Amino acid sequence: MYSEAELSGIDRRGLDRAIQAAADAKATGNLAFGAVLFDADGLEQGSAYNTVLTTGDPTEHAETQLVRLVAPRMTREELEKSTLYASCEPCPMCSGAIFSAGIRRVLYALPSARLRAIVDEAGGTRMPSLLLTTKQVLAAGEVESFVDGGFPIPAGEALFR
């Protein structure tokens, strides 16, 4: 876990935007997951949130939707230099989409293990998970990726309480 002080201004802004997208998801009756992509210049190129509950499509995670949105309009080089920010640690499916898009830098606020603990503490129902971290999935790729997370942003955790 890190402290909020360890985040750069752009990285804090990216995580805050991802958490806002997660709040938007929750407000529409979906699961509280959001993602945003900033280019190498720190400009937002797109944001998305989870719509699994309203569409019934189990692949409509925030990160997969974001990849579908930005990949057709950015070059591979632009994607490689971009950063994907996520409110929670991307699942293995989303990590695969991130890898396939060529995005090589991922930062997230809430780790999957912490999310599971919050849901369990609250007595909520959670789906069975593939217990692979984003770092493990991306490390299996043939190109180097940077993944970091566990930034304690109370607004992100509050969405699951």
Side-chain angles (χ1 to χ4, degrees), residues 1-26 28 30-52 55 57-115 129-157 159:
M1 244 346 168
Y2 297 90
S3 72
E4 290 183 67
E6 295 178 87
L7 287 169
S8 73
I10 290 174
D11 289 341
R12 176 56 198 241
R13 191 166 46 96
L15 288 172
D16 285 345
R17 281 286 299 119
I19 290 168
Q20 180 56 57
D24 293 344
K26 188 173 182 176
T28 64
N30 285 289
L31 302 171
F33 297 99
V36 63
L37 188 85
F38 282 15
D39 66 19
D41 296 323
L43 300 174
E44 184 174 324
Q45 294 300 312
S47 67
Y49 58 76
N50 182 295
T51 59
V52 168
T55 65
D57 182 343
T59 68
E60 293 287 323
H61 291 198
E63 299 88 348
T64 56
Q65 293 206 72
L66 181 59
V67 165
R68 287 181 196 118
L69 174 70
V70 299
R73 56 184 170 82
M74 294 178 74
T75 67
R76 186 77 173 188
E77 183 179 339
E78 289 170 330
L79 288 166
E80 288 173 357
K81 293 178 181 179
S82 296
T83 300
L84 186 143
Y85 298 94
S87 59
C88 294
E89 183 173 4
C91 73
M93 175 186 71
C94 291
S95 297
I98 291 164
F99 177 83
S100 294
I103 299 165
R104 299 291 171 244
R105 186 168 187 264
V106 178
L107 273 80
Y108 59 87
L110 191 62
S112 296
R114 178 71 186 129
L115 174 61
S129 299
L130 289 171
L131 300 178
L132 292 170
T133 67
T134 303
K135 193 172 276 194
Q136 289 170 322
V137 173
L138 294 180
E142 293 182 322
V143 295
E144 188 175 338
S145 296
F146 177 83
V147 178
D148 207 358
F151 298 100
I153 302 174
E157 284 199 24
L159 292 171

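Nothing here was measured: the structure is a model prediction, and the numbers come from that model. When reading the values below, keep in mind they use all heavy atoms of this one structure, side chains included, and skip hydrogens, waters and symmetry mates.
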### Message
Among residues at least two apart in sequence or on other chains, which ones pass side chain to side chain donor-acceptor pair (under 3.5 Å) with Q136?
### Response
T133
### Task
With sequence neighbours left out, write down each residue that passes side chain to side chain donor-acceptor pair (under 3.5 Å) with T28, or none if nothing qualifies.
N30
Where [X] and [Y] come nearest, the two heavy atoms and their spacing:
X    : Y    : result
G46  : V36  : O-CG2, 3.2 Å
A109 : I19  : CB-CD1, 4.2 Å
A25  : F33  : CB-O, 3.9 Å
P90  : T134 : O-OG1, 2.7 Å
Q65  : A48  : CB-CB, 3.8 Å
V137 : L132 : CG2-CB, 4.1 Å

### Message
Closer than 3.5 angstrom, by distance alone: can the side chain of S87 be matched with the main-chain N or O of G34 as a donor-acceptor pair?
### Response
yes
Go through the structure and list residues passing salt bridge (Lys or Arg N to Asp or Glu O under 4.0 Å) with [X], not counting sequence neighbours.
X    : answer
E142 : none
K135 : none
R104 : none
E60  : R68

### Message
Any non-hydrogen side-chain atom of L138 less than 4.5 Å from a side-chain atom of F146?
### Response
no
### Query
For residues 40-49, which residue pairs qualify under salt bridge (Lys or Arg N to Asp or Glu O under 4.0 Å), counting only residues two or more places apart or in two chains?
R17-E44
### Query
Tell me the salt bridge (Lys or Arg N to Asp or Glu O under 4.0 Å) pairs involving residues 82-98, sequence neighbours left out?
none
Among residues at least two apart in sequence or on other chains, which ones pass side-chain contact (heavy atoms from CB on, under 4.5 Å) with [X]?
X    : answer
L130 : P92
R13  : I10, F38
S100 : none
L79  : L37, V70, A71, M74, I103

About how many Å separate [atom2] of [Y] and [atom1] of [X], when rounded to the nearest 0.5 Å?
X    : Y   : atom1 : atom2 : answer
N50  : T59 : CG    : OG1   : 10.0 Å
H61  : S95 : NE2   : OG    : 11.0 Å
T64  : D57 : OG1   : CG    : 8.0 Å
D24  : S47 : CG    : OG    : 7.5 Å
I153 : L15 : CD1   : CG    : 4.5 Å
E78  : D39 : CD    : CG    : 7.5 Å

### Query
With no hydrogens and no angle check, do the side chains of D16 and Q20 hold a donor and an acceptor under 3.5 Å apart?
no
### Distance-only polar pair, side chains of S82 and Q45, donor-acceptor under 3.5 Å
no
### Query
Should the heavy atoms of other residues, nucleotides or ligands under 6.0 Å from NZ of K81 be counted, would the total exceed 12?
no
